[in-house]
Structures are given as C-alpha cells and as structure tokens.
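Comments concern the structure below.
Here is the naming used below: chain letters follow the sequence lines, and residue numbers restart at 1 for every chain. Given the structure is predicted, the values throughout are model-derived calculations rather than measurements.
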Amino acid sequence: MSRYTAAEIEAKWQAAWTEAGLFTARRSADKPKYYVLEMFPYPSGRIHMGHVRNYTMGDVIARHRIATGHNVLHPMGWDAFGMPAENAAMASGGHPKEWTYSNIADMRAQMKPLGLSIDWSREFATCDPEYYGQQQALFIDMLDKGLVYRKNAVVNWDPVDMTVLANEQVIDGKGWRSGADVERRELTQWFFKISEYSDELLTALDGLDDWPAKVKLMQANWIGRSRGLQFAFSLTEQSHGFDRLEVYTTRPDTLLGASFLGISPDHPLAKALEADNPEVAAFCAEARRGGTTEEALETGEKLGFDTGLTVRHPFDTGRDLPVWIANFVLMDYGTGAIFGCPAHDQRDLDFARKYGLPVISTFAPVKDDGSPLPEDGGAAFVPQKTDPVIYIRGFAGDTEQTGAQAIDAAIAFCEQNGVGQGVTRFRLRDWGLSRQRYWGCPIPIVHCDDCGAVPERKENLPVRLPDDVSFDVPGNPLDRHPTWRDAACPSCGKPARRETDTMDTFVDSSWYFARFTSPGSATPTDAEDAAYWMNVDQYIGGIEHAILHLLYSRFFARAMHATGHLPEKAIEPFNALFTQGMVTHEIYQTRDANGRPVYHLPESVENGALKATGEPVEIIPSAKMSKSKKNVVDPDAILAQYGADTARWFVLSDSPPERDVEWTAAGADAAHKHLARVWRIASEIAEAEAGAAVPQDDEALTRALHRTIQDVTLGLESFGFNAAIAKLYAFTSVLAKSTAGVAARREAALVLAQLMAPMTPHLSEEVWGLLGGDGFVTAAAWPVAEPRWLVEDSV
RNA sequence: GCCGGUGUGGCGGAACGGUAGACGCAGCGGAUUCAAAAUCCGCCGAUGGCAACAUCGUGAGAGUUCGAUUCUCUCCACCGGCACCA
C-alpha cells in the first residue's frame, strides 16, 4: 500500500481537470446557471492565507454546485490599479505597470496549485487597456445620462509636497512624507450622482434576503434617510448680501431650546466674512487644519468663532441667537448650517460650555421630576425618538408624547406658520471619483477653452496611460508629462487639454463582476451573456467591504441598467453575500538592546524559542497576519509541506467561516493526518477481499452514511463548513471501525470521497479512482440522503 | 466620536429557547513495537468526593421565561468601517 503523497496527486489531477476543460464556463440551456464570485485580489505580489481561505470557500460552493448539476461560472481577475504600485515605483524606481503585471504573474502561479475550479480563460486585470477602455465608455454613457457631474470638494493637501494626500497618507494630521500639517483644500472634481438612488438603494435592501443582516443594517445607516425640517433664520442685520441662513434639523422638536447658530467654515457666509476680516480668515485656516476623515472631524477639538452676527428665533421673538463659525459643522451634509441646542445634544453642550452659551431645556424626562437642565459637568438629556417625554417648551401642548410624535408635530406646526417645510434627507453623499494620481483609469474628458469639459469620442477609446512617466517628485506624473495632455477638442477640433485626474479604484471594482460574463466583448458587456450569467448567485469577501464596495457596486449595476449595459434583473447584482473572517496568527517577539520589539517569522520559532539561538520569545495573541509583525505563513511553504488539500481542509475546519481563523502548525498537522487516514482507509477497502467471513453490520454504516450526507449537504449549503467537516471526521471514524461488508464499506468510502471533494478535490479524485468510481468525482452527481435511513430508531 | 460585530474548557469551536462543551488540537493513560516513528483504544470544564454523586460554570451586571450560551437592557474588552487603503 502506497502512502498519501499530496504533491504527485495534486499536480496530476489539476492537469487532468484542465485537459478535460471541466471549469470552462459556456452558456447552456441544459442546466441552471450558477455564478460564484470571490472578491478579486489586489496584486500585492504574494498571496496570503486570507486569499487561500476566501478562494477555498468559493471553490467549495462552486464544486458543490457543479456536483448538483449546475452550469457554474467561477472567474478570477485582478484589481490592479492603486497607490501601492506608485509607491513601489517611488521607492525602487521601477514602473507601476511592470510592478503590477509581474505581481500578477507571481500570484497566479501561487494560486494555480490550490486546485481551484476557476475558468482562467476569463481572467483580466483592471489595468488592461481593454478593461479600462470599456470603463471609460461606461463613464461617458453615465455622463450622457446625467449621472456624472463636476463640483468642488475638499481633499487633504500637503503644503510642502504640494500634493493631494489619501486619507491613509495622513498620519495624526500630518503628511506621511513631509511631516507637514495637512490642510483641507477645495478642488473641482468629478462626481457620480449616487444620491439620485439613495432612496432606492435603501429600500431595495429589504429584498436582499440572502445578505447578512449586519451588512444591510450598516448600509441602511450609511445611506441614513432622515425626516427633518428645513427652514431659515433671518439675520437681524444683513451681511455680505445674506439676510437669512438656511438650516436643516432632524430634531425640530427642540427648536425652542436653540441657543446659537453654527455655520461651517466652508459656508458661503463664512467665506465672505473671511475675505474681509483677517481674524475670521485666521480662524477658518485653523479650522481647516487636519484630515478630511469623518473620524478626524468628530474626534477633533471643537472650535468656534463668534461672527458677531445674530439671527431672530422664528417663534421665541424675545431672543436673538449668535451666529458662530464652528469646525464640526459639515458643508457636505444638510445646508452647512445648524442650530445648536445644548440642553439636548452632547456636542452642542460641550460647545456651549466652552464658549459660555446658554443652555435652554425644552423637555423634562417623564420619570424624573428634577431639573431638566444638565447639571454642571453632567451629560445632555438626549431622549430617544421612542421615549415618551413631556415638553415644557414644545409645539403640541405639554402632554406626554414620544420624540417621533413631537418631531411630526413640530414640522406640522412650522409648516402651518410658514416657517420652513418638512424634508427627507440622506446622509449618503455623491461619490467623488477624481484622483490626482497616475496609476488609475484616465477620466476620458478633454478640456477646451471654447467648449468646456467634453467627453472623448468613443472611437478614440481607450484613453491610454502613457508609459514614459517618472516618479522622482511628488504629484501626478500625468500633469508633468510633456505631450500626453495635448488633445484635439472632440467637439470643435481645436487644441485642448486632457483631464489628468484618474478614477478612484473603487470604480474598477464596481462592475468587474459584469465584465466577467463576457470579458472579451467590444462593449462593456454582451447583452446575451449578461442576461444569461447575471446575477452573481454567491458573492464572498471580507466584511471590510460591507459598505463602500458593495454600495458602489449596487449603484453601478443600476447605472449600467440605465445606460443599457445590464438587464433590469441585475440592478441588485449579488443575490447572496457571505462575509468571511480573517486568518490570524500568533506574534513572536523579542526585544533588542534598546527594548524595542523585534518580530520573528513562525518558521524561525520552535517550542517558544528561536530555533537559531534558543532565545525565548514573547508570544502575543493572535492577530491579523501582517508583514510588519511577521506573523505570516507563506502559502507556498504550506503547499510544499502538506499540499493544497490539507491547507484547504484546515482553513475551513477550524472556525466558522464568518469568524477569524487562527493558523496553527498543530492544526495543519492534524488536518494532514486526517487526510492521510482517509487515504489509508480507502486503500484498505480497495485491497480487501470481498465476501470475507466477518460479522456484517451494513445497516449501522448505511444509517451513519445517510445521516452524514444529509448533515454535510446542509452544512455546505449554509456556509457551515466547519460543522460539515466535523461530521466528516465523525463519519470517518465510524467507517474505520465498521464491521460492515466490503461492498457496503466501498460504497461508503466512495460517498465519503464525494462529500469531501469540494474541500479536498485532489484526494477525493484519487480515492474515487482507487475504489473504481466512474469518471471524475468532480463531475459525479452529488449523493442524496434517503429519508428512510434518516429516521431515528431509538431516542 | 458615530455605525456594525464578537466574547463558551488549556486552545479552535458545537449547541442557538430544552442533557452546555459535538468534532479537532493539546494533555494523560493503555495497546502494538526489541525500541521508536506511524497507527489504534480509552480518559479529559472547575471544586468537593474512593465512588455514586453534589455544587458551580458560556466577558460583567440586571431583566423576560417553567427553563437563557441563545431573547432584552446597561457596562467592559477586542475587532471591522467612517466616503482618497484596497
């Protein structure tokens, strides 16, 4: 009896599958189609165990669907534009294109030995001109449909390097290279009008039955529909042509508690004041310091400047409210102006205390007859919309009502009295797609002095990136290129200038799933292919994409339908979504002479000490694998040591797929031992003499077998991979100990190979062949549990 | 700061309103072996007890329920996202 040698088996079966064309997807009327997609990787250069886990899960689904008679599409590509390629070029002088394509080649070579059921004939990278040219065509179609426009937006500006920084490049409010204080600066940028679909993107979440509830909730909160009151405060004295300030509030029930007005430093009135008042200008400059992230704005120190202007309260006519410029008021949301109600909003209360503004309560808690005013240093009283409260200063009498009722009453009262109107607003902002970088899809626009911003003619697409660029100075090389900007105006033919901004890489990943249905098509999609293959039946990826990538893709699917590139059924492109956890590993650390941590790779550590020197290491609990902490295992090394089946089996077996899994050498050893055991059991059965005179108990084995078919099938269909594998462990033990006849054990081992095949396809093919199974196990029909064997005969 | 999630033996986890700890790892004991590797069998939450068994036990605290790991609330810790990382 030979031993289980993964390396030989795996190479053999991978070649056999490829030769048989088992995974090449073609349209077919014979079988139901099934489209499985894992979020495509960024070509960083090496695959990591997280990729292995992600693609293994997709592969299990794909192979199970093949076995249940589906026509499966399971493609792979590369999300290939982005900053790391430019950073590499800056650091080591190469070219982003060469860096990227070389990484793709390396990663493809690492992925193929995993034995994934991928249709490699559909592979593409988003930096292929054939892909981004179609993306430019899509952009132009969306522009025609009014889904693209230009407006000003703020970016992180590094005043020393004179360049725009990504949020990632702003460390503690300073530029990552220059160390200079970052400023917020306005630029004219292109936007997708995703807000046009706010309501629909929100409402349609209800129909996504096979999406995780948490993802739908996060998206709903992100879109953030709110009902509120928009109205104007009149300025007591006109200033710079302003006689009123428009305000939006979601809590009009607290209007009688208003004690000040806050406007954004980017509000037109603030800008007008800034122009002729150096003090205001100094304040606004201070307020514009720091990065643009919501986190930086929310957690930064609240700063205010009293403009000296006042407004009249629309109802409480005895009071005028001061107008402050406040750095926490966002120009992007609402009207860029708010009224502050310190008694019932913590942020407003902090601000009021800092600047000595009045605190005016409008209601008291029902169950508390003490003072409704916050005590010195106490928190603001912020009732939930569902809490019953009594308003002592309200619009609907002083009876007990919930906040929600009071808000409705306040809007109605204000509308009746001609003060503003109830409006529905969304938190969702339009999607700014302009990036001042080289390694992205060029925005296909030409700027003409006479005609303005004109889209390039489609016959001139793709607008290709030039190869001759340098990265020796900060900023966008396209801006500095001697000739690339020169273009003829597509409208009037006069000399004009190309747009040098490129697209956000999120654009690239917002429609790749549609492109996979016809990757060679001369239009973004092919109507027949899109109609046949869409939607993605199962999408799998990290929870970190729960909001942006998935929301943008849902928007793009709608935009592609509006521009005739996708059928209506595809406006929700992902029927089912699964978000998987990370692969983690312990961190091994020693200290250098200065007490600074030094990290060590897992393979250099044995029994809690360095292999080389015997020095003991400090073990830090498991964390996401990262190169800087050196807590990484290289899939290449794992595959060389154990083979793909062991790696696949282990990443699925040890944790539920939605949770993090810790990679441990012991766990991988155990997985490998188990596969060797299955091999051994199958070999013994294959060599056993039929009809040997042993006591036979076929029924118990058959009963266990059908129970296992049932449990494993249900497990695979519900992402219960770890539980399904536990059942397979248990059944393997039953089979090993079984006293059933050879025929029954052979049958059971064949079915075991089938049940394991989605996880360990190579081993299963080998066992299948050994026991005389017909054809490929990969192509064999999935076993079905017979109900009569599932009935428990004892309780 | 805001939004979302997670927390069960020494470890990964199972059960998800009804015997907590399936399955795996580690550990312990045994078989096989000249010996070892490999393999096979058994034990394995804590405390007390020779044992039968008893008590406690699912991050902390409260609540709903005949019954809570599971549902609700508050808190703590950690993780993901916060619109230019991908």
Subject >> Complementary nucleotide of B:rU74, counting Watson-Crick and G-U pairs under 3.5 Å >> reply: B:rA60
Original post:
Taking N and O atoms by type only, does the side chain of A:Gln436 place a donor or acceptor under 3.5 Å from a partner on the base of B:rC84?
Top reply: yes
Subject >> Distance, C1' atom - from B:rA60 to B:rC11, rounded to whole angstrom >> reply: 23 Å
Can you check nucleotides 73-82 of chain B for protein contacts, nitrogen or oxygen pairs under 3.5 Å, and list what you find?
residue : atom : partner  : partner atom : Å
B:rC82  : O2'  : A:Glu294 : OE1          : 3.2
B:rC82  : N4   : A:Glu295 : OE1          : 3.2

Original post:
Among A:Tyr132, A:Phe506, A:Tyr131, A:Phe40, which one satisfies ring pair (Phe, Tyr, Trp, His ring centres under 6.0 Å) with A:Trp511?
Top reply: A:Tyr131
**OP:** Please report, rounded to the nearest Å, how far the P atom of B:rG24 is from the CE atom of A:Met756.
**Re:** 14 Å
**OP:** Kindly point out which of B:rC84, B:rA86, B:rG12 is positioned nearest to the side chain of A:Ser655?
**Re:** B:rG12
**OP:** Give a yes or no on whether the backbone of A:Tyr438 and the side-chain of A:Glu86 come within a donor-acceptor separation of less than 3.5 Å.
**Re:** yes
**OP:** Grab the CZ-P distance between A:Phe650 and B:rG13 for me, whole Å please.
**Re:** 10 Å
**OP:** Using a 4.0 Å heavy-atom cut-off across all strands, classify A:Glu658 as base, sugar-phosphate, or nothing.
**Re:** nothing
**OP:** Return the nucleotide paired to B:rG67: Watson-Crick means purine N1 to pyrimidine N3 with N6-O4 or O6-N4, wobble means G-U with N1-O2 and O6-N3, both under 3.5 Å.
**Re:** none
**OP:** Just call it for A:Gln189: base, sugar-phosphate, or nothing, with non-hydrogen atoms closer than 4.0 Å on any strand.
**Re:** base
**OP:** Could you classify B:rG9 for me, syn or anti, using a glycosidic angle within 90° of 0 as syn?
**Re:** syn
Original post:
What nucleic acid atoms does A:Thr664 come within less than 4.0 Å of, heavy atoms only: base, sugar-phosphate, or nothing?
Top reply: nothing
Original post:
At under 4.0 Å between heavy atoms, what does A:Val164 touch on the DNA or RNA strands: base, sugar-phosphate, or nothing?
Top reply: base
Subject >> Whether over 12 other heavy atoms sit under 6.0 Å from A:Lys97 NZ >> reply: no
Original post:
Going by heavy atoms in the side chains, are A:Phe555 and A:Ser198 under 4.5 Å from each other?
Top reply: no
**OP:** Please work out if A:Pro656 contacts a base, only the sugar-phosphate, or nothing of the nucleic acid, heavy-atom cut-off 4.0 Å.
**Re:** sugar-phosphate
**OP:** Please say which of A:Asp504, A:Asp430, A:Leu433 ends up in a side-chain contact (heavy atoms from CB on, under 4.5 Å) with A:Trp190.
**Re:** A:Leu433
Subject >> Counter-base of B:rU39, judged by Watson-Crick or G-U geometry with both distances under 3.5 Å >> reply: B:rA31
**OP:** Go through B:rG5, B:rC25, B:rA86 for me and flag the one nearest to the A:Pro84 side chain.
**Re:** B:rA86
Original post:
Quick one: is A:Ser653 getting a side-chain N or O under 4.0 Å of the B:rG24 phosphate, OP1 or OP2?
Top reply: no
Original post:
Now, which nucleotide makes the Watson-Crick or G-U wobble pair with B:rA14, with each of the two distances under 3.5 Å?
Top reply: none
Subject >> Between B:rG13 and B:rU64 - P atom distance, rounded Å >> reply: 33 Å
Subject >> cation_pi(A:Arg184, A:Trp157) dist<6.0 Å, angle<=45 >> reply: no
Original post:
Between A:Asp711 (CG) and B:rA14 (P), how many Å, whole number?
Top reply: 15 Å
Original post:
If we call it a pair only when both distances are under 3.5 Å in a Watson-Crick or G-U wobble match, what pairs with B:rA46?
Top reply: B:rU55
**OP:** Give the rounded distance in Å between these two atoms: OH of A:Tyr552 and P of B:rC85.
**Re:** 10 Å
Subject >> Under 3.5 Å: donor-acceptor pair, side chain of A:Ser653, backbone of A:Phe650 >> reply: yes
Subject >> Gap between atoms OH and P, on A:Tyr4 and B:rU39 respectively (whole Å) >> reply: 14 Å
Original post:
Hey, what's the ring geometry for A:Trp431 with A:Tyr552, parallel, tilted or perpendicular (30° and 60° as the breaks)?
Top reply: parallel
Original post:
Quantified in whole Å, what is the P atom distance between nucleotide B:rG81 and nucleotide B:rC71?
Top reply: 26 Å
**OP:** Classify the nucleic acid contact of A:Gly224 as base, sugar-phosphate or nothing, counting any heavy atom under 4.0 Å across all strands shown.
**Re:** nothing
Subject >> Check: A:Phe471 ring centre within less than 6.0 Å of A:Trp439 ring centre >> reply: no
Subject >> Span that lies between the C1' atom of B:rG10 and that of B:rC28, in whole angstrom >> reply: 13 Å
Original post:
Hey, does the side chain of A:Asp266 reach the backbone of A:Met331 with a donor-acceptor pair shorter than 3.5 angstrom?
Top reply: no
**OP:** Measure the distance from CZ on A:Phe731 to C1' on B:rG24 and round it to the nearest whole Å.
**Re:** 18 Å
**OP:** Any strand is fair game: report the nucleotide pairing with B:rG80 by Watson-Crick or G-U wobble, both distances under 3.5 Å, or none.
**Re:** B:rC3
Original post:
Judged by modelled atom types alone, do A:Thr163 and A:Asp158 share a side-chain donor-acceptor pair under 3.5 Å?
Top reply: no
Subject >> Integer angstrom distance from the P of B:rA15 to that of B:rU70 >> reply: 15 Å
Subject >> B:rG45 versus B:rA22 - spacing of their C1' atoms, nearest Å >> reply: 15 Å
Subject >> Quiz item: cation-pi between A:Arg425 and A:Tyr248, 6.0 Å / 45° >> reply: yes
Subject >> Separation between the P atoms of B:rU55 and B:rC41, rounded to whole Å >> reply: 35 Å
Subject >> Sugar-phosphate only, base, or nothing, as touched by A:Gly82 at under 4.0 Å among non-hydrogen atoms >> reply: sugar-phosphate
**OP:** Kindly say if A:Arg435 contacts the phosphate of B:rC84, meaning a side-chain N or O under 4.0 Å from OP1 or OP2.
**Re:** yes
**OP:** Could you say whether A:Ala670 or A:Lys737 is positioned toward the 5' end of RNA chain B, judged by the nucleotide with the nearest heavy atom to each?
**Re:** A:Ala670
Original post:
Which comes earlier along RNA chain B counting from the 5' end, the contact point of A:Val215 or that of A:Trp431, where each point is its nearest nucleotide?
Top reply: A:Val215
**OP:** Provide, to the nearest angstrom, the distance between the NE2 atom belonging to A:His672 and the C1' atom belonging to B:rU39.
**Re:** 16 Å
Subject >> Minimum-distance nucleotide to A:Arg659 side chain [options: B:rC40, B:rA14, B:rC84] >> reply: B:rA14
Would you list the protein and nucleotides 20-23 of chain B atom pairs, both N or O, that sit under 3.5 Å from each other?
none

**OP:** Check whether the ring centres of A:Phe731 and A:Tyr729 lie less than 6.0 Å apart, and answer yes or no.
**Re:** no
**OP:** May I ask you to verify if any side-chain N or O of A:Arg3 is less than 4.0 angstrom from the OP1 or OP2 atom of B:rU39?
**Re:** no
**OP:** Please measure how far the C1' atom in B:rC2 lies from the corresponding atom in B:rA83, and state the result in whole Å.
**Re:** 14 Å
Original post:
Can you check the A:Leu714 CG to B:rA14 C1' distance for me, whole Å?
Top reply: 16 Å
**OP:** Give the nucleotide from the list B:rG13, B:rG4, B:rC85 with an atom nearest to the side chain of A:Ala166.
**Re:** B:rC85
